[in-house]
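Note sheet for the following structure.
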Amino acid sequence: SKQELIYWMNLGKKNGTELLPVNEIKFKPNNIILSSDQKAIVFRFGKGKNDCRLICIKTGNCPILHIIGFDTNYKAYNHGS
C-alpha cells in the first residue's frame, strides 16, 4: 500500500490495525529480541473463513515493519471472547 502506517492505525481494530503487547504473543519470533514494553502491530485482512492477522514489529525510528508471524487459526494470541 502507498498509505503510511498512521493511516492504518487510525482505522481502528475492526478495519485496520491494533496494538498488542508483545507479552501476549504465544510464540517467539526468530532472530528478533523483543522488549517487555514493546507492542506488536496486528493487521487484519480477509473476511469470514479467510480472515487472518499479520503480526509485525516496528523498531525505533526505522521505517521498516518486521513481519514476525501470521495468525490464520486464532492461536497466536488471545482474541477475547
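Quantities reported herein were computed from a predicted structural model and do not represent experimental measurements. Atoms considered below: every heavy atom in the structure, side chains included; atoms not considered: hydrogens, waters and symmetry mates. Residue numbers count from 1 along this sequence.
Heavy atoms of other residues, nucleotides or ligands lying less than 6.0 angstrom from NZ of Lys26 number more than 12.
Between Leu34 and Gln38, the shortest heavy-atom contact is CA-OE1, 3.4 Å. Nearest heavy atoms, Cys56 versus Ile67: SG-CG1, 4.0 Å.
A heavy-atom distance below 4.5 Å is found between the side chains of Lys58 and Ile41. Taking the side chain as every heavy atom from C-beta outward, Asp71 and Tyr77 approach each other to under 4.5 Å.
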Candidate pair Tyr74 and Arg53, rule side-chain contact (heavy atoms from CB on, under 4.5 Å), full reasoning: CA-CA 8 Å; Tyr74 302 101; Arg53 307 293 194 276; 3.8 Å; yes

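Phe27 is not connected to Leu65 by any chain of hydrophobic side-chain contacts under 4.5 Å among Ile, Leu, Val, Met, Phe, Trp and Tyr, and they are in different clusters.
Between the NE2 atom in His79 and the CD atom in Glu24 there is a gap of 10.5 Å [rounded to 0.5 Å]. Here CZ of Phe45 is found 13.5 Å from OG1 of Thr17. Values are rounded to the nearest 0.5 Å. Taking CD1 from Ile25 and CD1 from Ile68, the interatomic distance works out to 4.0 Å, rounded to the nearest 0.5 Å. Within the model, atoms CZ of Phe43 and CE of Met9 stand 7.5 Å from one another, a figure rounded to the nearest 0.5 Å. Put simply, CD on Gln3 and CG on Leu11 are 8.5 Å apart, with the number rounded to the nearest 0.5 Å.
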